[in-house]
Amino acid sequence: MPKYIIFIGPPGCGKGTQATLLRDKLGYDHVSTGAVLRAEIEAGTPLGKQAKDIIEKGGFIEDSLIEDMLVSYLAQKSDRPGFILDGFPRTLVQGKWFESYLNHSAGQLEKVIYFFVPEEILTKRLSGRFTCAQCGASYNHYYKKPKVDNVCDACGHTSFSKRKDDDMAHVGERIRLYNERTGPLLPFYEETGVLVKVDAMRRVEDIFTDVYHSLNS
Ligand SMILES: [Zn+2]
């Protein structure tokens, strides 16, 4: 019986890092929507071809295609003991779809981990981040500046880049959209008793300790 752990959290909450740690600890597969998309496209499956076509035309990939690709991806990895879903479901509609998928496939939802970060901190994490244009080392204007101003600690390079959607206006909009879309999933999972809220403002190791222990409680 395949087991599933769902990670929910806003952009910048650090859940990708936690998913990698948990994957290594449990031997589960780390499933992000991006990874599923890439795997299907690389494998050249009919669904992957369909998705590639949409992306090349600059179109929008609908929920139903994401869901079909997820089913295909999970079937290919059926030898894994379990899966960590990182960023899926992200809406209540997807959550309900996944619930019926679990029922049909006799899958077991172990826990849903919600990585909580106050909005104000999240804004700083996202709007403050920048990377070295040479080596890609990451920094944050509020939390992790280079030791010498404007000089990369790792390679000494002096120019940096910033993601376009990390400016204040875009960050505010991303957080608002996230709350609107994903927020309704929290009461949905709370009702069935699988939701665990983890304070994601601490050290990576401390957060991981909580995540890991919550699975056995
Ligand atoms: Zn650098």
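Hydrogens, waters and symmetry mates play no part in the numbers below; they use all other heavy atoms, side chains included. Atoms within each ligand, like the ligands themselves, are counted from 1 in listed order.
With waters neither drawn nor counted, the protein N/O/S atoms under 2.8 Å from the Zn ion (ligand 1) amount to 4.
In this structure, Tyr73 has no ring-ring contact (aromatic ring centres under 6.0 Å, His included) partners at least two apart in sequence or on a different chain. Partners of Pro118 according to the side chain to side chain contact (heavy atoms under 4.5 Å, CB included) rule, which considers only residues two or more places apart in sequence or in another chain, are Phe116, Ile121, Met201. Partners of Asp53 under the side-chain hydrogen bond (donor to acceptor under 3.5 Å, both in side chains) rule, at least two apart in sequence or in another chain, are Lys57.
One side chain, His157 or Ser159, offers a donor N or O that lies under 3.5 Å from an acceptor on the other.
Centroid-to-centroid, the aromatic rings of Tyr189 and Tyr114 stay 6.0 Å apart or farther.
For Lys144 and Tyr139, the positive end sits near the middle of the six-membered ring, less than 6.0 Å away and at most 45° from its axis.
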